Structures are given as structure tokens and as C-alpha cells.
Number of protein chains: 2
Amino acid sequence: MARNKYPEQTVDKILNVSSKLFTTKGYDQTSIQDILTELGMSKGAIYHHFKSKEDILDAVMAKHFEYSKELFQEALKKGDNARESLSYAFELLASHKGARELDHIIHSQIKNPQFVVKSLQKTIEESAPMVAKVLEDGNQDHSLSVQYPKETAEVIMLLLNIWINPILFIRSEGETVKRIEFLSYFLKQLGVDIISDSMIHNLNSIYSDIGGYK
Amino acid sequence: MARNKYPEQTVDKILNVSSKLFTTKGYDQTSIQDILTELGMSKGAIYHHFKSKEDILDAVMAKHFEYSKELFQEALKKGDNARESLSYAFELLASHKGARELDHIIHSQIKNPQFVVKSLQKTIEESAPMVAKVLEDGNQDHSLSVQYPKETAEVIMLLLNIWINPILFIRSEGETVKRIEFLSYFLKQLGVDIISDSMIHNLNSIYSDIGGYK
DNA sequence: TTAAACATACTGACGGTCGGTTTGTGAAAA
DNA sequence: TTTTCACAAACCGACCGTCAGTATGTTTAA
């Protein structure tokens with residue numbers, strides 16, 4: 001089989017299988033051959049579409065972030081003002097439905113230093129600016145009052161992704177609840193009162209399901 | 001040469017050379033052979049003392065954290081109360097003298113996902129508890145008033161290590177200054193008023209020297 | 001017919017293993 | 001006290017399997 005009519009489908013297949021293997025086995029522990037075997041393809045195929053293994057990882061990450069970006073933007077459309085919009089968006093991301101999609105990624109981060117670092121960078125470069133914009137909107141429509149919107153946004157996303165998410169650090173359920181409470185508390189101090197009790201409950205039950213607790 | 005009288009010296013040599021190579025070339029980019037060549041030793045020697053390449057990395061990290069731990073504990077002895085002690089300790093860590101020791105480590109993190117993740121874990125598991133204890137002391141002697149000492153400590157150390165440190169994210173000098181200001185501001189909100197203007201200035205000039213700015 | 005889309009055989013480097021060698025050490029024998 | 005010797009720690013280096021990446025060929029849509 002050569003000269004496929006729809007090479008984009010091939011690229012998609014490669015990304016899907018790679019994503020699955022990277023997140024289940026870990027990036028280092030997944031060989032190109034593993035991907036090829038599962039795909040029933042050849043090395044020529046993969047190296048025709050991607051220039052290196054890391055190039056595949058980058059594409060996988062980009063795809064996932066693209067998805068959560070759309071999810072987030074969609075949720076932002078709800079609510080009467082910026083504060084409510086942001087609340088909705090977080091609630092959605094924290095809901096089972098939304099989080100499930102990212103389950104296997106989140107869960108496998110500990111095995112994947114590469115994943116952690118890449119997702120850190122994407123968090124700062126892509127997610128945080130979106131949140132920052134909403135915070136600034138909130139300052140405009142007076143639903144929020146945030147002194148450092150850009151920095152606050154980065155810290156929120158950073159803490160959510162690597163501190164509260166119970167993957168990097170094995171801990172008990174209670175500890176995660178306290179972290180979420182802390183985030184809520186300190187966001188209030190900063191004039192961002194968006195985390196509801198139901199959201200704390202939701203977040204915690206998600207993390208509990210994922211199995212990050214000892 | 002076999003059956004060296006002082007094997008600890010051999011272990012030390014291995015760790016020193018490994019640390020240097022890991023931090024200059026990156027962990028993945030440093031081969032066991034690179035280490036052996038620089039040491040003038042054999043594979044048998046290295047695999048006699050360490051069970052794997054990652055085992056060497058762990059030992060290197062442990063050694064560095066041991067050093068900064070001692071530095072921190074020493075600084076804590078100064079000051080009339082917990083708040084002042086903590087201020088001193090941060091000031092020391094932020095000073096040129098103290099930070100220089102960690103220069104090459106910090107500077108090379110971007111090349112080293114393994115380094116970032118390991119240092120994240122060490123930060124939470126070792127550094128943060130030390131800071132948390134001081135915060136609690138501060139609650140006792142009424143020099144501080146912190147509602148969530150444990151969580152606050154973790155967030156401080158996390159932000160210092162991976163958010164303010166301009167290694168993971170290339171940025172301009174002004175952006176780092178703003179992050180430090182933000183940290184100072186939000187610590188005050190949390191009842192931890194320990195970051196002085198001179199410290200902000202110091203931190204920034206350090207990061208500037210290291211060359212994390214574009 | 002041309003170039004994109006694959007296939008296949010191969011290369012070099014790397015982490016780790018393993019059988020073997022050297023030598024410090026502690027205790028028994030002289 | 002001195003000598004001897006068994007043992008294990010320290011070290012050597014050839015070798016192996018694996019893996020990312022390459023060189024070169026073959027097929028087929030346009």
C-alpha cells in the first residue's frame with residue numbers, strides 16, 4: 001500500500017496510537033516499533049510524516065490542548081459576566097464529562113517527565129492567556145477585581161495542573177481537598193471568587209476516581 | 001586498579017562528573033560512556049556503585065538538595081522570630097553567593113525534563129515541609145498569621161522553583177519582576193510578609209545574570 | 001511521468017550484563 | 001607478632017539486545 005488517497009487519516013492514526021501508548025506505557029518506554037506494530041505500518045510511513053519521536057509527542061500534546069481549548073472557549077460563552085463565565089468554564093473542566101477525556105493523560109504523567117514539562121509550557125503559553133483575558137474582562141465589567149490578571153491566571157493554571165492534580169505527588173484524599181480549599185481561599189483574597197463548593201466536591205471525586213490517592 | 005581503599009571517593013567522583021555532564025549536556029544527551037571517558041574508569045566500576053543511569057541522577061539530586069537544605073537551616077537560626085528567620089533564609093537563597101551554587105543546575109533544567117520532575121518532587125517532599133514548619137512557628141510566636149501553613153509553603157516553593165525561575169519559560173526581565181512582585185503581594189494577602197524590596201531586586205539580578213531572559 | 005506515500009534493510013549508539021581479575025581485609029595459623 | 005590465606009569488594013571490558021534514525025527502493029495517485 002503506497003500513495004494513500006487520504007494521508008491525513010494516516011497521520012491521525014499515528015497520533016491516536018502514539019497518544020495511547022505514550023500515556024499508558026510512558027514516552028521513554030514506548031518505542032517507535034511499538035507504535036508501528038500496533039498500527040501495522042512501517043518505519044518509512046512514520047518518518048515520512050514526522051521527523052522524530054519527539055515530533056510525534058509535540059503533535060500529540062498539541063492535539064490534546066486544542067481539544068481542551070475548544071471546550072474552555074465553549075463554556076466561556078455562558079454566564080452574564082466574566083466571573084460567571086469563568087466559573088462555568090472551570091466547572092465544566094472539573095466535571096466528570098470533561099475531565100474523563102484527559103484521564104489517561106493526567107494519570108500517566110508521573111511516568112512521563114517529558115509530558116509534564118511540555119504540558120507545563122503549554123499551560124503557561126496557551127491556557128493561562130485565555131484565563132487572563134477573562135480576568136481582564138472581569139475587571140472591565142466589574143464582576144471581578146484582579147490586580148495582577150496575567151500572573152494570577154498563570155498561577156491558577158499552574159497550581160491546578162501540577163499541584164492539585166494528585167499525580168505527581170501521591171497523597172491522601174484529605175490533602176487534595178485541602179489544596180483545593182486553599183486555592184479557593186487564596187483566589188478570594190486575590191479578588192477571584194469563582195470556586196464553588198460543588199466544584200470542590202466535583203474536583204475531589206474526580207481525583208479520587210482517577211486513583212491518585214494512596 | 002581494583003579494591004580501592006576509599007570507594008566513597010570513587011562514588012563522589014562519579015557524582016561530580018555526572019552532575020556536571022547532566023547539567024551541561026542534559027540527562028538524555030549524556031551517555032554512560034561520556035561519564036566513563038571523563039572519569040577514566042570502566043563500566044563495571046560505575047555499575048558496581050549504581051544500579052542504573054537513573055540511580056545516578058537520583059544520587060546527584062539528593063546531594064544538591066542536601067546542600068541547599070543545610071544552607072536554609074543555617075539561615076533560619078538568625079532573626080528574632082519566625083518571620084524574620086524566614087526572611088533571612090529567603091534572602092540568603094536569593095543572594096548571589098547562595099544561588100551561584102545552583103546556577104548550572106537551574107540553567108540546564110529546560111534541557112532536562114527528568115531534572116524538572118525530580119526537583120518538583122523534592123521541592124514538595126523536602127523543601128516545603130521545612131518552610132511550613134517555620135510558618136507554623138510564626139503562628140506560635142505571633143510574628144506571622146497563616147491560615148494554611150502547609151499549603152502556603154508548598155505553593156511558595158513551587159512558584160519560586162518553576163514559575164519565577166526564568167528557565168522553563170523564556171521571557172523578558174520585566175515579566176520576571178512582575179512575577180516576583182506578585183508573589184510578594186499574594187504572600188502579604190496570606191499573612192506572610194517576608195519579601196523585601198532588596199530581595200526582589202536581588203532575585204531579579206540573579207536571574208538576569210543567569211541569562212534566562214530573551 | 002513525477003512525486004507523494006509508503007516499505008525494508010540497515011547503521012551506530014546506547015544502557016545494561018556478565019564472566020573474569022585484582023587487591024584490601026580480617027582472622028587463623030605459625 | 002608475623003605470616004598466610006580465604007573471601008569479598010572494587011573494578012575491568014567484551015558483549016548483547018534494543019532503539020531512533022537513515023538510505024534506498026517500490027508503488028500508485030495525480
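Letters A, B, ... mirror the listed sequences (proteins, then strands); counts begin at 1. Computed from a predicted model, the values in this text were never measured in an experiment. Below, all heavy atoms of this structure are taken into account, side chains as well, without hydrogens, waters or symmetry copies.
- At least one donor-acceptor pair under 3.5 Å links the side chain of A:Thr30 to the backbone N or O of A:Leu21.
- As a whole-Å value, the separation of A:Gln9 CD from C:dA4 C1' is 16 Å.
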Can I get a per-line list of side-chain donor-acceptor pairs under 3.5 Å for residues 131-138 of chain B, giving both atom names and the distance, sequence neighbours left out?
residue: B:Lys133; atom: NZ; partner: B:Asp137; partner atom: OD2; Å: 3.0

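- In this structure, B:Ile35 places its CD1 atom 11 Å from C1' of C:dG15, rounding to the nearest Å.
- Taken over five-pair windows at either terminus, the axes of the helix from C:dT1-D:dA30 to C:dA30-D:dT1 are inclined to one another by 0° (rounded to 10 degrees).
- Atom CG of A:Asp28 is separated from atom P of C:dC14 by 15 Å (rounded to the nearest Å).
- Taking the ring axis of A:Tyr27 as reference, the NZ or CZ atom of A:Lys53 stays within 45° of it and closer than 6.0 Å to the ring centre.
- We find that CG of B:Leu36 is positioned 14 Å from C1' of C:dA13, with the value rounded to whole Å.
- The CD atom of B:Gln29 sits 11 Å away from the P atom of C:dG15 (whole-angstrom rounding).
- At whole-Å resolution of the value, CG in B:Asp55 and P in C:dT17 are 12 Å apart.
- Between A:Lys118 and A:Glu125 there is no salt bridge, since none of the side-chain N atoms of the basic residue sits less than 4.0 Å from a carboxylate O of the acidic one.
- Checked by atom type, the side-chain pair A:Asn16/A:Lys63 shows a donor-acceptor distance below 3.5 Å.
- Atom CD of A:Gln33 and atom P of C:dA9 are 12 Å apart (whole Å).
- Side-chain nitrogen and oxygen atoms of B:Thr10 include none within less than 4.0 Å of the OP1 or OP2 phosphate oxygen of D:dA10.
- Here the straight-line distance linking atom CD of A:Glu175 with atom CZ of A:Arg179 works out to 6.5 Å at 0.5 Å rounding.
- Between the B:Asn161 side chain and the B:Thr123 main chain, no donor and acceptor come within less than 3.5 Å of each other.
- Contact detail for A:Phe65 and A:Glu126: the closest heavy-atom pair is CB-OE1, 4.1 Å.
- Remark: B:Ser42, B:Lys43, B:Gly44, B:Ala45, B:His48, B:His49 in residues 42-53 of chain B come within less than 4.0 Å of DNA chain D through at least one heavy atom.
- Open room surrounds OH on A:Tyr88; 12 or fewer heavy atoms of other groups in view lie less than 6.0 Å from it.
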